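The chains referred to below are lettered A, B, ... by the order of the sequence lines, with proteins before strands, and numbering in each begins at 1. Predicted model only: the values in this text are computed from it and were never measured.
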Amino acid sequence: MVLQSPHSLQSSAPTPANGAKRVKIQAENGAAPKDNVAGQRRVSARLQAAAKRKAEKKELLAKRKLELLGEDGGRSARKLSAETNKVKQKLKLQHAQTGIQQLPEIPFHPAEPKVSKKVAKMVERAAKIAEGLDGTTTPNVAEKSAHIKVKETVRLFNKHYLHLVQEEEKRCRAGKVAKKAARANKARKGNVPDADGKGRAKRPDLKAMTKMMERKEVLYPQKRIGNIPGIDVGHQFYSRAEMVAVGFHSHWLSGIDYMGQSYGKGEYKHYKFPLAVAIVLSGMYEDDLDNAEDVVYTGEGGHALTGNKRQIRDQVLKRGNLALKNCYDLGVTIRVVRGHECTSSYSGKIYTYDGLYKVEKYWAEKGLSGFTVFKYRLRRLEGQPTLTTSQVQFAHGRVPQCTSEIRGLVCEDISGGQENVPIPATNMVDDPPVAPTGYEYCKSMKVARNIELPANAAGCSCEGLCWDPKTCSCAKLNGSDFPYVHRDGGRLVEAKHVVFECGPNCGCSPECVNRTSQSGLKYRLEVFRTPKKGWAVRSWDFIPAGAPVCEYIGLLTRTEDLDSVSENNYIFDIDCLQTMRGLGGRASRQQDASVSMIQKVDKNDEQRSESVPEFCIDAASIGNVARFINHSCEPNLFIQCVLSAHQDIKLARVVLFAADNIPPLQELTYDYGYALDSVHGPDGKVKVMLCFCGAEGCRKRLF
DNA sequence: ACTCATCAGTAGTAT
DNA sequence: ACTACTGATGAGTAA
């Protein structure tokens with residue numbers, strides 16, 4: 001599916017409140033050509049396809065160019081590292097002369113650290129080296145892709161996770177059924193061996209983590225001191241296992257992550273081990289976040305692991321505790337992650353990276369239960385991005401609680417009560433603030449008169465809720481598995497070419513998992529005005545990866561019937577083949593038997609697959625929230641074709657799903673999927689529209 | 001709201 | 001090779 005080439009770009013601009021979204025951009029660039037009009041939209045399918053191919057070639061070339069550039073960057077980086085190596089060599093030599101010795105223990109109550117000369121020297125050296133390794137240097141070309149690498153790693157983790165959730169849900173169901181059968185048998189016969197019904201669910205997060213390790217997909221398998229490229233202050237993690245998967249903090253359990261003796265051989269020779277690199281504060285300091293720059297951290301150990309979790313013995317200066325002490329001695333910085341209770345989210349807890357901290361002092365004291373505990377006063381390094389509350393706003397439920405709290409409110413509910421959840425609109429940009437107008441809100445698809453929707457889906461004969469993929473005929477269409485997991489009210493395991501949902505001809509109830517995208521809005525969405533991109537959409541709730549956000553609703557029309565005179569930026573071509581090629585969201589889509597059949601048909605008919613799709617959704621004058629969602633070159637939503645009432649892929653429903661875990665108030669975007677240079681004006685010249693998505697890898701042009 | 005078993009990698013030690 | 005250590009997680013239970 002491609003958001004179709006805007007039909008003519010007519011001089012008569014639409015009402016500012018309506019289509020202003022992209023028209024305005026052009027006006028701002030002075031690029032708005034006063035051309036008219038009609039006819040140029042379809043330059044013939046063939047020509048368009050050729051243009052597309054050309055564009056793709058061009059893109060490839062550009063990519064190569066970039067790669068070359070990147071190589072160059074790599075080279076200079078290598079040069080740099082060679083230089084630092086020289087410095088290190090020098091240091092090593094010096095060190096050989098001084099001789100490395102075991103350092104004297106420092107007493108427990110160092111009001112003023114008594115540091116021997118040797119230690120002082122060591123500290124100095126360590127600090128020097130740390131400066132180079134800190135990664136606090138300005139981002140370069142290599143750094144740029146680091147963010148994307150992190151994103152990809154997290155997506156991979158999520159994918160594994162959802163697959164394993166699916167597996168677990170299946171196993172638990174089987175276990176329950178087996179147990180039931182066993183119980184029934186017991187009632188009749190008595191003693192029956194317990195089937196493999198290990199009723200309890202395993203931990204899919206840990207399993208996903210293990211999988212990442214086995215496949216060597218962990219982004220940073222080596223621990224390092226200081227910042228991690230691609231993870232900025234304020235970065236949010238959604239579980240401990242996710243941090244392990246990127247290599248940010250390598251324990252899913254322990255609070256303190258430290259480098260052990262084995263790190264004392266390589267580049268970190270001049271440090272003292274164990275040495276802490278990262279810690280997690282688990283929500284204990286939730287209430288005194290104003291003290292965020294200054295933390296008192298309790299060491300590890302001595303806890304009663306079960307029950308009341310009180311201290312049951314003295315902590316000792318070993319392992320993590322010793323590692324933190326060594327950080328104090330050497331002045332090594334530590335990454336600090338905070339865990340936040342997060343009631344508004346499905347994940348329950350989120351973790352934010354709050355930056356580098358230094359151990360200012362440490363001491364031992366008698367804790368509440370009368371046992372020795374170690375305490376570490378940590379101070380945040382200066383010059384880091386301030387810990388704005390916006391990053392943790394949602395953790396406090398700081399999203400507006402009632403309409404009077406909403407700033408810039410221009411409309412309480414643009415859906416006028418149609419959706420399950422009101423969709424407010426806000427405008428802090430225009431003066432006077434205007435509300436989105438010029439269209440009619442509609443929750444469900446309108447169908448043009450000359451289209452008759454088929455209703456030929458066979459439907460499954462399940463009763464109540466579909467649960468057995470072996471018997472549910474809808475599940476069979478999806479490759480003998482349900483495309484969704486139950487968790488969090490239904491999440492799509494993986495982007496597929498087509499998802500076959502249960503529909504009106506099925507025997508199951510509306511709560512069936514295989515109707516996940518049919519249950520309407522689940523999240524509190526807000527339409528808000530932006531300075532450059534017109535209207536945009538964001539969520540007040542946390543949206544987990546794979547969750548359905550909304551369907552693209554409008555007037556279902558024959559492409560040929562579109563009014564080619566007036567400008568229209570709200571056309572959505574229903575072109576599953578495009579979707580199948582994997583635009584936006586996830587790179588490759590899972591294919592299953594029934595889809596390959598459809599594809600085969602299309603392959604036989606090359607012409608059709610290259611041509612303009614027969615049907616499209618026009619949301620210009622009638623539509624739902626989806627029409628306000630902007631394009632981004634690095635989107636957090638992806639398009640998924642869904643079939644439920646019928647099986648005509650040309651008339652598939654178009655549903656937007658979360659590609660990532662999306663924190664509240666982050667703008668929702670998807671890839672409109674234009675090929676560059678694919679849009680032509682009436683004069684045959686390539687039309688250009690600039691992109692303001694702001695992503696790192698932004699192509700700078702929408703088309 | 002509270003309880004509880006489980007989960008799995010890491011560091012360090014013993015062999 | 002083996003073991004101690006660690007506390008998040010989600011299902012189950014009780015209230």
Inset, instruction - Run the numbers on A/E501 and A/S517 for side-chain hydrogen bond (donor to acceptor under 3.5 Å, both in side chains), then give the verdict. - result: CA-CA 8 Å; A/E501 286 197 354; A/S517 80; 2.8 Å; yes

Inset, instruction - Would you kindly give the NZ-to-P distance between A/K318 and C/dT6, to the nearest whole Å? - result: 11 Å

Inset, instruction - Identify the residue among A/D354, A/T352, A/I228, A/V150 that makes a side-chain contact (heavy atoms from CB on, under 4.5 Å) with A/H235. - result: A/V150

Inset, instruction - Apply salt bridge (Lys or Arg N to Asp or Glu O under 4.0 Å) to A/D468 and list each qualifying residue two or more places apart in sequence or on a separate chain. - result: none

Legend entry - Separation of atom NE2 in A/H486 from atom P in C/dA11, rounded to whole Å: 12 Å

Legend entry - Non-neighbouring partners of A/K223 that pass side chain to side chain donor-acceptor pair (under 3.5 Å), sequence neighbours left out: A/S250, A/D257

Legend entry - Rounded distance (Å) that lies between atom C1' of C/dC5 and atom CD1 of A/I256: 12 Å

Legend entry - Partner set under side chain to side chain donor-acceptor pair (under 3.5 Å) for A/E242, not counting sequence neighbours: none

Inset, instruction - Starting at atom CD of A/E169, determine the distance to atom C1' of C/dA11, rounded to an integer number of angstrom. - result: 13 Å

Inset, instruction - Identify whether any heavy atom of A/G301 sits under 4.0 Å from a base atom; if not, whether one sits that close to sugar-phosphate; answer base, sugar-phosphate or nothing. - result: sugar-phosphate

Legend entry - side-chain N/O A/R487 vs C/dG10 OP1/OP2, d < 4.0 Å: yes

Legend entry - 5' precedence on DNA chain C between A/R240 and A/R313 (nearest-nucleotide basis): A/R313

Inset, instruction - Using atom CD of A/E168 as one end and atom C1' of C/dG10 as the other, report the distance to the nearest whole Å. - result: 11 Å

Inset, instruction - Check every atom of C/dG7, C/dT9, C/dG10 against the side chain of A/Y351 and return the nucleotide holding the closest atom. - result: C/dT9

Inset, instruction - Report, as a single string ordered 5' to 3', how protein heavy atoms within less than 4.0 Å touch nucleotides 8-15 of chain B: B base, S sugar-phosphate only, - not at all. - result: BSSSS---

Legend entry - For A/A208, all residues meeting side chain to side chain contact (heavy atoms under 4.5 Å, CB included), sequence neighbours excluded: A/F157, A/H160, A/Y161, A/L164

Inset, instruction - With sequence neighbours left out, write down each residue that passes side chain to side chain donor-acceptor pair (under 3.5 Å) with A/K318, or none if nothing qualifies. - result: none

Legend entry - Whole angstrom value for the distance that separates P of C/dC5 from CG of A/L322: 16 Å

Legend entry - Nucleotide pairing, DNA chain B (Watson-Crick or G-U, distances under 3.5 Å), in dot-bracket with [ ] and |: |||||||||||||..

Inset, instruction - Quickly work out the A/F374 CZ to C/dT6 P distance and round it to whole Å. - result: 13 Å

Inset, instruction - Under the side chain to side chain donor-acceptor pair (under 3.5 Å) rule, collect the residues that match up with A/D314, sequence neighbours excluded. - result: A/T372

Inset, instruction - Send over the distance from A/E300 CD to C/dA4 C1', rounded to a whole Å. - result: 12 Å

Legend entry - Contacts of type salt bridge (Lys or Arg N to Asp or Glu O under 4.0 Å), residue A/R380, not counting sequence neighbours: A/E293

